[in-house]
Trainee: 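Before anything else, here's the structure in question.
This structure is a prediction, so every number in the text was calculated from the model and none was measured.
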Amino acid sequence: MSTYTSDFLNILSSRGYIHQCSDAAGLDALAAKGDVTAYIGFDCTAPSLHVGSLVQIMMLYWLQQSGNKPIALMGGGTTRVGDPTGKDESRKLLSLEDIENNKRGIQDVFSKFLTFGSGKTDAVMVDNAEWLTKLNYIDMLRDVGRHFSINRMLAMDSVKLRLDRESEFSFLEFNYMILQSYDFTVLAQRYGCNLQMGGSDQWGNIINGVDLGRRMGTQQLFALTTPLITLASGAKMGKTAQGAVWLNADMRSPYDYWQFWRNTEDADVGRFLRLFTTLPLDEVKRLEVLAGAELNEAKKVLANAATALLHGDDAAAAAAETARKTFEEGASAAGLPTVSVDLAGGVGVLAALVQAGLAASNGEARRAIQGGGIRVNDEAVKDDKLVLTAADVRDGSIKLSHGKKKHVLLKQQ
């Protein structure tokens, strides 16, 4: 592990954020003086970011904490095109209304991690639609496009992967890397931005931006990427059987978010404590060597700290208490996620499991019942033709459980 002169790179290095850096010594010197202004772009493809974006958000957090300035760039313009990076097929094109709605949905998350304002280290949020939608095509070709080599673009992994697999690759998507590079140049000119950060799959796009800035006369620009974050099992970070782990509370409740971190695989606990919490590293080192039942306590610390960062201390404490009551007391705790169903007309247990997100299909629900993994009000279900009605309501709801850790309350809609 390298030792740097700046708090920023020392923190990122010690916590495992650094994969590649275009000029570590030059960036370190700027960061030590508090002269780094860095951005990360977030396209508006869904109403919320998911936990896969959290590494990037945490990098902006540590940038600001170390006395430098973060920029959160909303991709209102680039979302209209689609990033080919890591994809086997074209991104679905969204309407302008959908893009705007999605942008509003993801903006609030950043206020949980960053302090916005007009001060030297205060974060700013901008939208690349501000300049991309005003571009004249001929001017763009002449002033920007001439700096790009088709040979280099075709050799980039994000492009080469699609071409090698003979996947459809539209001219629209081919322009994405040019637009992203142009974003970096515009931010350098308007905001003094000198660093772009992103995941390792963005390295080629970011380096193109560094090169474009040099050709268009900006100050020296830098690139910094994080390693690909996967689970110890090899699965992609942020994906579960129930779908993406969204950051917005209306798409994933604080309790379910807490549970995601509580269910971290043993081998990932130390790494995730470094990446996704602000706990001191001495405390992380103490927790990551725990084993057996004690390791479960480390997972609870991870869940509490990660949930508190996003949803606040009160929500994290409430989620932890709900989990304690549910697992230790077997109570039908009011803090569990709820789903509205038509209990007056009756709902089959298979349909209820699917609707509650506890099973992906009737077949999966049926197999779970056959395996003894489904309970209603803490009583094992043996009949997959069971119909739940108002008669099953206890304290205003029906507690539906899949295994020991997945619980949902069914309430009359």
Side-chain angles (χ1 to χ4, degrees), residues 38-61 70-114 116 123-135 158 170 172-184 186-187 191 196-199 201-202 205-206 226 229 236-240 242-254 256-257 260 276 309-312 315 337 357:
Y39 94 93
I40 300 177
F42 300 87
D43 277 348
C44 311
T45 54
S48 169
L49 297 175
H50 57 70
V51 77
S53 298
L54 201 52
V55 168
Q56 314 308 326
I57 297 173
M58 291 301 297
M59 289 179 77
L60 293 176
Y61 169 84
I71 298 175
L73 179 67
M74 299 293 101
T78 42
T79 305
R80 304 184 191 189
V81 176
D83 182 3
T85 304
K87 311 292 193 305
D88 285 333
E89 57 187 22
S90 298
R91 177 193 282 174
K92 177 186 175 183
L93 294 181
L94 301 176
S95 70
L96 299 186
E97 182 181 7
D98 286 341
I99 291 172
E100 283 302 308
N101 288 336
N102 289 345
K103 185 175 75 172
R104 284 192 291 272
I106 68 177
Q107 284 176 326
D108 289 343
V109 167
F110 292 93
S111 63
K112 312 286 182 64
F113 296 86
L114 303 174
F116 288 85
V124 295
M125 180 177 289
V126 293
D127 185 348
N128 61 18
E130 180 185 337
W131 53 85
L132 293 182
T133 57
K134 298 174 183 176
L135 286 172
S158 58
S170 71
L172 185 68
E173 291 174 289
F174 193 59
N175 279 271
Y176 187 96
M177 65 185 76
I178 297 177
L179 298 181
Q180 183 172 334
S181 300
Y182 185 64
D183 282 346
F184 199 176
V186 171
L187 290 172
Y191 295 92
Q196 183 182 171
M197 302 186 291
D201 60 344
Q202 292 291 317
N205 286 355
I206 298 174
T226 59
I229 307 299
K236 192 172 182 179
M237 178 69 182
K239 299 291 185 180
T240 69
Q242 285 74 46
V245 182
W246 301 108
L247 299 184
N248 286 16
D250 60 344
M251 295 181 68
R252 191 176 188 93
S253 70
D256 281 343
Y257 190 76
F260 167 76
F276 301 115
L309 265 178
L310 179 63
H311 296 297

Trainee: Search all heavy atoms of Ala123 against all heavy atoms of Phe116 and return the closest pair with its distance.
Mentor: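 Smallest heavy-atom distance, with atoms named: O-CD2, 3.2 Å.
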
Trainee: Which atom names give the shortest non-hydrogen contact between Asn248 and Ser48, and what distance separates them?
Mentor: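 Distance-wise, the nearest heavy atoms are N-OG, 3.1 Å.
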
Trainee: Evaluate the side-chain proximity of Leu309 to Leu54: yes if any heavy-atom separation is below 4.5 Å, no if none is.
Mentor: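 Result no, sub-4.5 Å side-chain heavy-atom pair not found.
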
Trainee: With no hydrogens and no angle check, do the side chains of Thr78 and Gln180 hold a donor and an acceptor under 3.5 Å apart?
Mentor: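 No pair is found: no donor N or O on one side chain lies under 3.5 Å from an acceptor on the other.
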
Trainee: Would you check if there is a donor-acceptor pair between the side chains of Asp108 and Ser111 at a distance under 3.5 Å?
Mentor: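 Note: Ser111 and Asp108 side chains miss the donor-acceptor criterion.
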
Trainee: Cut-off 3.5 Å, side chains only: do Tyr176 and Asp43 have a donor facing an acceptor?
Mentor: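 Result is yes, a qualifying pair exists.
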
Trainee: If we only count heavy atoms from C-beta on, is the Leu60 to Phe113 side-chain gap below 4.5 Å?
Mentor: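 Heavy-atom side-chain distance check fails, nothing below 4.5 Å.
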
Trainee: Considering only heavy atoms from C-beta outward, does the side chain of Asp183 approach that of Trp131 to under 4.5 Å?
Mentor: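 The answer is yes; the side chains approach within 4.5 Å.
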
Trainee: Distance-only, no hydrogens or angles: does the Asn205 side chain make a donor-acceptor pair with backbone N or O of Met177 under 3.5 Å?
Mentor: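 Such a contact is absent between Asn205 side chain and Met177 backbone.
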
Trainee: Does some side-chain heavy atom of Lys103 sit less than 4.5 Å from a side-chain heavy atom of Asp127?
Mentor: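 In contact.
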
Trainee: Would you find a donor on one side and an acceptor on the other, under 3.5 Å apart, between the side chain of Thr79 and the backbone of Gly75?
Mentor: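 The answer is yes, because a donor-acceptor pair under 3.5 Å joins these two groups.
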
Trainee: Between Met197 and Thr226, is there a side-chain heavy-atom distance shorter than 4.5 Å?
Mentor: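 They are not in contact (no side-chain heavy atoms under 4.5 Å apart), so the answer is no.
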
Trainee: Does Leu247 reach the side chain of Ile57, with side-chain heavy atoms less than 4.5 Å apart?
Mentor: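 Yes, close enough: below the 4.5 Å cut-off.
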
Trainee: Establish, yes or no, whether a centroid distance under 6.0 Å links the rings of Tyr39 and Phe184.
Mentor: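 For Tyr39 and Phe184, the ring centres are under 6.0 Å apart.
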
Trainee: Which atom names give the shortest non-hydrogen contact between Cys44 and Ile99, and what distance separates them?
Mentor: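 Looking at all heavy atoms of both residues, the shortest contact is CB-O, 3.8 Å.
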
Trainee: Search all heavy atoms of Ile40 against all heavy atoms of Gln56 and return the closest pair with its distance.
Mentor: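 Distance-wise, the nearest heavy atoms are CD1-O, 3.2 Å.
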
